[in-house]
Each structure stands twice: as C-alpha cells, then as structure tokens.
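Input: a single structure, listed below in structure tokens.
These numbers come from the heavy atoms of this one structure, side chains and all, not from hydrogens, waters or symmetry mates. Order of the sequence lines fixes the chain letters, A, B, ..., with proteins taken first and strands second; residue numbering starts at 1 for each chain. All values derive from a computational prediction rather than experimental measurement.
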Amino acid sequence: MTRHSISPRKLLPLISFSVLLIATFALQERAMSYLGLNLLFNLTIPIALATIGQLLIMVNDIDLSVGAFVSLVACIVSTLLVQHPWLGWLALAGLVLAYAALGALIHRFELPAIVVTLGMSFIWGGLALVIMPAPGGTSPEWLRALMTVKPPLAPMAVVAALLIAAAAHLLIMRSGIGTVLRGLGGNSRSVARAGWRLSGLYALTYGLAGVFGVLAGLTLVGLYTSSGASVASSYTLLSIAGVILGGGEFIGGRVSPIGAVLGALTLSLAGSLLAFMHISPDWQIGAQGAVLILVLAARLLFTRREALI
Amino acid sequence: MLAAWQAQTAPAVKTGVVAAADAFTIGENQPTDQAAQIQNLILQGYDAIVIDAASTTALNGAVQEACDAGVVVVSFDGIVTAPCAWKIVNDFHEWGREQVDYMAKRFPDGANLLEVRGLPGTFVDDDLHQGIVDELKHYPKLHIVSSVEGDWAQDVTQQAVAGVLPSLPHIDGVLNQGGEAYGVAQAFRASQREMPVIIFSNAQDELAWWAEQHRKNGYQSIAISNAPGIAMVAFWVAQRILAGEDVPKHLTVPLYHIRQDELSEVLAHTPKGSVADQIFTRADVERLIQQARDTQAASTQPNTAPATDQAKNPSAAQEIQP
C-alpha cells in the first residue's frame, strides 16, 4: 500500500480501459474527436456516479437498491423538481436522510445489507411508480444546460469523469473520514476501539452513498431529458460490475474510486465496441459479462503472483 | 418488422438508392439502451436514423445529439417528441372509432361491449381508448359494460377477461387494441359463453382462428391493425429527406384492414406465427407525403411562413439517385 510502487493489480482497470479504448478508436476513428468522446461516454456519467455510491457501501457489503433508488430520484427530479423546486430539493434531501437512517438501522440490528437493500429496492420502485405511473416528465432547464455544456479542451463527459474520479478519490482515499470509512470494511472493531461511534459512521457511509445516488439521478435526467419508474433498473448490476472491474472487493475495505470510474467507463465502452463490430445487442449483456470475467481472471493471476513475491 | 425492413431495403441498397440500410435492435425494451445505441449510430456516421422508440421522451437527449450532428432522425410507431425528428404514426384514435363503427353496424339495436385496453400509460392506449369513447357518443345504444387491461399480451388478456366474465351480463362484442383477440376467445370458450364479435388484428393465429370459426358457423368480424409495413414508410421518408425533399414533420399512415371477404386470401399469404402485412412502396409513400403536404397547406394560414424548423439536410453524401 505504499504510494510509490504501483502494483500491476491496481493498474489493471487502466489497462483494460485503454485496450478497449484503442480498439474502439481503431474501429471507428470518428470516436477520436471532441464530439465522439462525448457521445461515447456521456451516458456513462450517471452510471459512474452510481458506481461510486455502490463502492461506498461495498467497503464491506453490497447495495442491491441502487437502480431503483436512482430511478426514484430521476422521477422526483423530472417532476417535482421542475414544478416545485423547493419541494423537490426537500424530497431529495429526505431520500439522502432515509439512506443514512438505513445504514444506522443495518448496523444497530446487525441486519444483512443485501437483504435490507433488496427490500428497499421494492419500496423505492413503488414510490417511483406512485410519483410517475407512466414514463415522461421533463428536465429542469439548468440541468439540461449543465449536461450539454461544451467546455473548452475536453468534452463534458471526460471532464465530468475526471471530476468524479478526483472528488471520490479525495473523499475516500485521502481524507481522514474516508480512511475511517474504509476501516469499517477492514476491521470495524478496531475502528470502534479507536473511539468512533459505529452507527454514526454507518449512517455517514450510507448517507454519502445516497448523495451519489441523487447525483446519478440528477445527471440521468439532464442527459435523457425525462424519466420513468424503471429508467435506471440496470444500474444495480452495472454499478456492482463497475466496482469489481475497478479493482474493488466486497470485503476488507479494498476499494479504488478511480478504478471504479474507469470500470464504469469500460463497461459502456464494451457495449459501444460491440455495436461498432455489428454484433447483435442480444449478445451485449453476455459480452459485458465476458469482459468482467476476463478482467477478474487477469486480476487473480496478478494477485497470485503478488502473493508469490 | 425487421423482416419487412430487410425484404424491402435490400432491393433499395442493390439498386443504389441508398448506400446501406442496416438494422439494429436492443435486447430489452429499455430506452437507456436505445439512447446509447443512437449515440453509437451517430459515431458510425449514418446519414439517417429510423427508429421505433421505446420511449416518447427518454430518447430526446440522444435524438437532439443526432440532429445537432446533422443526422436525419425519423421516428415511427413509437415516436419521439424531440421537435427535430420526423414522426410517422398510425391514427390510433381512428382505430378506436372504427371499432365502434363496426359494432354499430353489426348491432343496430344496441349491444353490450367489453373493452380490452393495452399497456397503461402509453399514448397508444390513451389515443385508442379516447377514439372509442368519442365515437360511442354517437351510438347511445352501445354500452361498454366492463374494461380490462390486457397489456397487449394474449396470456394477460385471457386471465383478465376470465377474471371479470362471471360478473358480466351477456357480451355481444369485444373491442381491443390488436393482439389480444385470441386470448379473449380462449377466455370466452372456457366460460362456455356465446362467442362475441371480436375485432381481430393482423396476427396469423388470430386470422386462422377467425377463418376456422367462419367455416364452422359463419362467424363474421373485421381485422384492424397497425401493420409492420410502417417501418418501410419510415425508410422511404428518410430516403426522400436525404434526397433533399421537403417532407412534413408529421405523417399519418392508414390502418390495415382485413374484411371478411379478404380473409382467406390474406391468410393464404401469411406464414404461420407471423403477421399479415401491408406493403408500402416508394410510390405509396410519395403519395402519403403529398397528402400530408396538402393537409398542412390547408391548415396553415397563407401569410405564415412554411414550417421553419424544417431542417434542410446538409449531408446527403451517401445518397445516390437512381
């Protein structure tokens, strides 16, 4: 864990991302432009944010409600936030608090997060349906403007991905509280012995995950300009896959925010690459799974070698 | 719909009217997948994208990206609301009205009707239902005694109809949204009630059942549907736009009718498990465009400028005229 020697295992997300990116550029040189990069990656921004949310929970657990939660946020953003901004923000804040309370509950009663979040996914999904029985809604003007902004030098998608990676890295890997949060996954007892209130920490972790979920929902509406009760249903699996692709593990607080953002980008890149190769979308989900297995296999090889050294 | 697309675009590609007409599908009916697909198609440099949208609104972001990149977007069947896209639809309101008209003709002395609705919340379901409601106002003797949701699926319909049948009076006719008729018939047969007049669609299994009933006991009805041939209208519209023609943004495609006397012939040409289709040739589509232009001219005031949002297509590079 020293800062100077970077193990090949940690470089793996970057390597797999680069390989796919080079293959994409080789197949479709149009992608290698300001507009091309934006088209390639802009729809991944909400997934990347959801992936960071998932990563926070995944220091020692897993969150199965990400997709439903982001969908609910998107429904609120595209209806309530447009019509009554104050009420909308209040509802979003309420959702973050609910997430935090969930974390505290999970710790207080020693519930398995996988079951609680699975149950919550039905509650979020039901609320989303109540708010929005049929797909529709519009994006708030400022949000649409934000997601279609054309910054100089690099396109919005790239700038946003860099910002998310940097912010998440600073928060989780560099800040004092981030270290404690990762400690929860490593050895929560020693964190407790050091004088931290565990239920508070759990609430903080889940609350932060909720914040990232809300950000994911906001950016989603800004990009798609509308929403529906199941608009982000694929995000649960995508976010878990993104964390794993990025070098994270379910336990021990071993996570990598930069890797997770790269993981999310890699997954969507795999989809585009297959489309450019004229491979039927019926195979795409399978192919994304294959990428996941390949990267995991490569990681296993590196870990073995590290252990031998 | 893919079969219709491939059968008819292949000759167009061969004769060089268009350079290529590749078809893409999505695994699940998710607008998010479709949006990503549109963005990939822009990157691949297609001049036009013809799309049956999974959502009327959730693709607008991606469609706008396409328009900004100079790509012509033609949505059909499932249309998008983005103003820059062309919209080609069936008149679902008319579909609802025609069903009621047929029932009024069959039952001039009044009838009890059962309405099978489609997928709740879709504009198709809303429009069709509204058409039925509007037309019923002209026929006070026709009554809708119950309404169930069939989600456009045979099995869901069968269950839903079977569920309400015991509580219903005698049913003379069943209105539906295409694709539910066989499920309705199954439910009625199981309940041993007299078979009502069911409006059919273009599905082969429905037509075959109808023909069999006709042979056995002279059963009569009509089939109304939105045939997959609408994809071909969209194809030719895209081709005309790329060729520089000024095409109105909204086009309505007529519904496909199969009447009793046409049934056996249509059925003979429809493969098992498939649907009967209406062929739209380039000439048909040019006629549709002309009609739309005429109605547009009739409805707009002479002093207002003709539709200014009509984007002139700058990149007809791949276009080769025959």
Side-chain angles (χ1 to χ4, degrees), chain A residues 24 27-33 35-44 46-47 71 74 78 129 132-139 144 147-148 150 157 220-235 238 268 271-276 278-286, chain B residues 2 20-47 49 53-71 78 80-85 117-127 149 151 315:
Chain A
T24 308
L27 265 177
Q28 195 55 259
E29 69 271 26
R30 277 191 198 82
M32 216 180 339
S33 63
L35 178 76
L37 280 172
N38 201 41
L39 286 175
L40 215 47
F41 293 122
N42 67 352
L43 299 181
T44 319
I47 303 178
S71 300
S78 64
L129 266 179
M132 210 174 216
T138 50
S139 161
R144 179 70 189 148
M147 296 314 289
T148 49
K150 294 203 163 42
L220 185 149
V221 174
L223 283 169
Y224 292 102
T225 70
S226 81
S227 67
S230 63
V231 65
S233 53
S234 59
Y235 281 25
L238 284 176
S268 73
S272 295
L273 188 63
L274 291 172
F276 295 154
H278 285 261
I279 290 174
S280 152
D282 299 340
W283 295 92
Q284 289 205 2
I285 295 171
Chain B
L2 274 179
D22 305 318
F24 300 86
T25 53
I26 46 169
E28 284 166 69
N29 198 22
Q30 273 285 354
T32 45
D33 293 354
Q34 222 174 15
Q37 197 172 42
I38 292 177
Q39 304 209 136
N40 285 335
L41 291 175
I42 304 170
L43 279 177
Q44 288 175 68
Y46 286 96
D47 288 326
I49 297 172
S55 160
T56 45
T57 48
L59 297 176
N60 285 350
V63 167
Q64 195 57 53
E65 297 275 2
C67 296
D68 291 347
V71 179
V80 295
T81 53
C84 70
R117 296 193 58 166
L119 205 57
T122 55
F123 79 95
V124 175
D125 178 60
D126 290 342
D127 279 8
E149 273 171 14
D151 292 358
S315 64

Checklist line | Side-chain heavy atoms of Phe276(A) within contact of Leu43(B), under 4.5 Å | finding: yes
Item checked: Check against side chain to side chain contact (heavy atoms under 4.5 Å, CB included), Asn42(A) and Gln39(B) -> CA-CA 10 Å; Asn42(A) 67 352; Gln39(B) 304 209 136; 2.7 Å; yes
Margin query: Measuring from atom CZ of Arg144(A) to atom CD of Gln64(B), what distance do you get when rounded to the nearest 0.5 angstrom?
Written below: 7.0 Å
Note to self: At a heavy-atom distance under 4.5 Å, which candidate from Ser33(A), Pro135(A), Gly36(A) has the highest pair count against chain B?
What the structure shows: Gly36(A)
Notebook entry, point to check: Closest heavy-atom contact between Thr57(B) and Ser226(A)?
Noted result: OG1-OG, 2.8 Å
Item checked: Which atoms of Ser227(A) approach chain B - backbone, side chain, both or neither, heavy atom under 4.5 Å -> neither
Next item on the list: Kindly give the heavy-atom pair with the smallest separation between Ala35(B) and Tyr224(A), and that separation in Å.
Entry: CB-CE2, 3.4 Å
Margin query: If we count only N and O atoms by modelled type, under 3.5 Å, do the side chains of Gln28(A) and Asn40(B) hold a donor and an acceptor together?
Written below: no
Note to self: With a 4.5 angstrom heavy-atom cut-off, is it the side chain or the backbone of Thr32(B) that approaches chain A, or both, or neither?
What the structure shows: both
Check: Side chain, backbone, both or neither: which part of Asp22(B) has an atom under 4.5 Å from a heavy atom of chain A?
Finding: side chain
Checklist line | Shortest non-hydrogen contact between Leu35(A) and Ala69(B), atoms and distance | finding: CD2-CB, 4.4 Å
Check: By a 4.5 Å heavy-atom criterion (distance strictly below it), what part of Glu65(B) contacts chain A: side chain, backbone, both, or neither?
Finding: side chain
